[in-house]
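We number each residue from 1, following the sequence as shown.
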Amino acid sequence: MYKIATIGSHSALQIFKGAHDEGFKTIAICKKGSEKPYKMFNSADEIISLKSYKDFPKIQDKLIKENAIVIPHGSFVTYMGYEEVEKLKVDYYGNKKILKWESDRYLERQWLRNAGLKVPTLFKQPKDIDKPVIVKFMGAEGGKGYFLAKDEKDFNKKIKPYKLRKYILQEYIIGVPLFIHYFYSSLTNEIEIMGCDIRYESNVDSLGRISARDQLVFPKIDPSYVIVGNIPVVVRESFLPRLIDMGEKVVKASQKLAPPGLFGPFCLETVLTPEEEIFVFEISARIVAGTNPYVEGSPYTALKYNKPMSTGRRIAIELKNAIKGKKLGKVLG
Ligand code: ATP
């Protein structure tokens, strides 16, 4: 019997609940001190505690012996680094070759452009900045330290504390940031929209609670984008055809870049402008934490399924179907 394993963080509670719903036993790999939620919510049938996530490869043989299938999530890839993930021998859900394409901001951009999606302009050098930019550091860190700059002078002033870090200068798009969760089945070749969310970020989302006059009371108030949580959102129905189309295009483009391409859960991170343009500023090629409000399913999964369907449960169903149909090779990377 196969077991479902992942690192205890990010969307692990949802992944384990979905696994249990489909009859799998679960293994949580936790950093010492972070085990409590997985006990409190009866998530983990077994907990393996590590001093550091970097020790993950050391417990691989144990996982292999237990017939574990590892489900990657955001923290999994961030904590281990995609090169380490690529080297794993334990069964792994998803295409590992795609991780390189989402981990590098330039490759990611190439992928999105190949798919024909609209992306924000990227400025090569600070002197090129001719409209407001968001300055992002390399590696997903939940928006820590990102800042806005209006021109080269403003940039040079604000970059000082981060002098040694690698960054990109991306056009700042004014609109509503919308995160769209998809699932693409490599067994049926079908795409599904699982849900959408809006993130709540500190401090940018609290600035609107202070009037412009009162904001001036604070000598240095720069917006930051540290994620605090996710809020469910249902999009205007007339956007749906475009969103589905975008998901299909991204999958298709990935099949050329890293065969057999992207499958399983993924997310397009977008900004929707008042002109109804949709700019994609990032893609996550695995389950995102924005699916967490939908442990019991989203309005979209309610339309498609006659039972509560989270992304975690959808993954478990995919694995179950692959095992039953002797097609595990099609879902393991
Ligand atoms: P993660 O990998 O967890 O998604 P990250 O560190 O890669 O995080 P981004 O998602 O790229 O960070 O950006 C953080 C936040 O900054 C977004 O949620 C969004 O609010 C805002 N943002 C990012 N890019 C843009 C943009 N081009 N225009 C407007 N807002 C943006």
Side-chain angles (χ1 to χ4, degrees), residues 1-7 10-29 38 41-46 48 60-73 76 85 88-99 181-195 244 247-248 251-252 254-255 258-267 285-288 291-292 294-298 300-333:
M1 192 57 197
Y2 287 95
K3 293 182 181 175
I4 286 190
T6 197
I7 281 181
H10 193 265
S11 45
L13 289 170
Q14 184 205 149
I15 291 171
F16 291 144
K17 162 94 170 79
H20 279 159
D21 287 343
E22 295 303 318
F24 288 99
K25 292 262 188 242
T26 61
I27 306 172
I29 299 106
Y38 307 95
F41 302 114
N42 300 322
S43 284
D45 297 304
E46 187 185 342
I48 303 174
Q60 267 202 98
D61 288 339
K62 178 174 164 50
L63 293 176
I64 292 170
K65 249 189 229 141
E66 296 211 44
N67 266 340
I69 299 175
V70 168
I71 313 293
H73 54 52
F76 190 93
V85 176
L88 290 179
K89 295 184 303 260
V90 60
D91 283 344
Y92 170 99
Y93 177 60
N95 177 2
K96 282 183 199 159
K97 280 179 273 169
I98 209 72
L99 294 177
H181 324 141
Y182 299 86
F183 188 94
Y184 180 73
S185 167
S186 53
L187 299 177
T188 63
N189 301 324
E190 271 178 51
I191 196 153
E192 294 165 47
I193 288 203
M194 304 300 291
I244 297 168
E248 284 172 346
V251 169
K252 200 155 176 219
S254 74
Q255 291 167 345
L262 174 66
F263 61 85
F266 69 98
C267 174
R286 31 84 195 164
I287 186 169
V288 286
T291 59
N292 286 340
Y294 303 121
V295 169
E296 284 287 294
S298 75
Y300 301 106
T301 61
L303 294 168
K304 192 168 165 73
Y305 295 94
N306 286 323
K307 54 186 175 189
M309 185 59 58
S310 67
T311 297
R313 187 170 188 183
R314 184 65 189 81
I315 293 170
I317 290 181
E318 193 77 350
L319 290 172
K320 223 162 102 173
N321 288 342
I323 294 164
K324 254 197 261 161
K326 299 202 178 351
K327 287 185 179 157
L328 260 183
K330 280 201 113 173
V331 298
L332 301 180

S.K.: Going by the rule ring pair (Phe, Tyr, Trp, His ring centres under 6.0 Å), which residues pair with His10 if we only count those two or more places apart in sequence or in a different chain?
M.R.: His73

S.K.: Of all the heavy-atom pairs spanning Pro72 and Arg286, show the shortest one and how long it is.
M.R.: O-CB, 4.1 Å

S.K.: Nearest 0.5 Å, what's the CD1-CD distance between Ile315 and Glu22?
M.R.: 12.0 Å

S.K.: Any side-chain heavy-atom pair from Tyr182 and Ile193 closer than 4.5 angstrom?
M.R.: yes

S.K.: Could you grab the distance from atom CG of Asp91 to atom CD1 of Ile64, nearest 0.5 Å is fine?
M.R.: 7.5 Å

S.K.: Answer yes or no: is there a donor N or O on one side and an acceptor on the other, between the side chain of Thr301 and the main chain of Met309, under 3.5 Å?
M.R.: yes

S.K.: Count the heavy atoms belonging to other residues, nucleotides or ligands that lie under 6.0 Å from NZ of Lys96, then report whether that count exceeds 12.
M.R.: yes

S.K.: Taking the side chain as C-beta and beyond, is there a heavy-atom pair between Leu319 and Tyr2 under 4.5 Å?
M.R.: no

S.K.: Any heavy-atom pair between the side chains of Ser254 and Ile98 that's under 4.5 Å?
M.R.: yes

S.K.: Do Asn95 and Phe263 make a side-chain contact, defined as non-hydrogen atoms from C-beta onward lying under 4.5 Å apart?
M.R.: yes

S.K.: Looking at Ala12, is its backbone amide N or carbonyl O close enough to the side chain of Thr6 to form a donor-acceptor pair, meaning the two atoms are under 3.5 Å apart?
M.R.: no

S.K.: Once rounded to the nearest 0.5 Å, what's the spacing between atom NZ of Lys62 and atom CD1 of Ile48?
M.R.: 5.0 Å

S.K.: Could you walk me through whether Glu46 and Glu66 pass the side-chain contact (heavy atoms from CB on, under 4.5 Å) check?
M.R.: CA-CA 11 Å; Glu46 187 185 342; Glu66 296 211 44; 3.0 Å; yes

S.K.: Taking the side chain from Gln60 and the backbone from Lys89, do they hold a donor-acceptor pair closer than 3.5 Å?
M.R.: yes

S.K.: Test your reading of the model: is there a side-chain donor-acceptor pair from Ser186 to the backbone of Val331, 3.5 Å cut-off?
M.R.: no

S.K.: Is any side-chain heavy atom of Gln14 closer than 4.5 Å to a side-chain heavy atom of Val295?
M.R.: yes

S.K.: For the pair Asp45 (side chain) and Thr26 (backbone), establish whether a donor and an acceptor sit closer than 3.5 Å, ignoring hydrogens and angles.
M.R.: yes

S.K.: Considering only NZ, NE, NH1 and NH2 on the basic side and carboxylate oxygens on the acidic side, decide whether Asp21 and Lys17 come within less than 4.0 Å.
M.R.: yes

S.K.: Ala5 and Ala68: which non-hydrogen atoms are nearest, and at how many Å?
M.R.: CB-CB, 4.1 Å

S.K.: Would you give the length of the straight line joining atom CD1 of Ile287 to atom CZ of Phe76, rounded to the nearest 0.5 angstrom?
M.R.: 13.5 Å

S.K.: Could you check whether any side-chain N or O of Lys97 sits under 3.5 Å from a backbone N or O of Pro259, counting only pairs where one atom can act as donor and the other as acceptor?
M.R.: yes

S.K.: Answer whether the closest heavy-atom distance between the side chains of Thr291 and Met194 falls below 4.5 Å.
M.R.: no

S.K.: Which heavy atom of Gly18 sits nearest to which heavy atom of Ala316, and what is that distance?
M.R.: O-CB, 3.6 Å

S.K.: Do Tyr38 and Leu13 touch side chain to side chain, with heavy atoms closer than 4.5 Å?
M.R.: yes

S.K.: Nearest 0.5 Å please: distance from the CZ atom of Phe24 over to the NZ atom of Lys320.
M.R.: 7.0 Å

S.K.: Looking at side-chain heavy atoms only, is the closest gap between Val251 and Phe266 below 4.5 Å?
M.R.: yes

S.K.: Work out which heavy atom in Ser11 is nearest to a heavy atom in Asn292; give both atom names and the distance.
M.R.: CB-OD1, 3.4 Å

S.K.: In chain order, what residues pass the side chain to side chain donor-acceptor pair (under 3.5 Å) check against Arg314, with sequence neighbours excluded?
M.R.: Glu192, Tyr305, Glu318

S.K.: For the atom pair CG (Leu187) and CG (Leu328), what is the distance rounded to the nearest 0.5 Å?
M.R.: 9.0 Å

S.K.: Which label fits Phe183 and Tyr93: parallel for a plane angle under 30°, tilted from 30 to 60°, or perpendicular past 60°?
M.R.: parallel

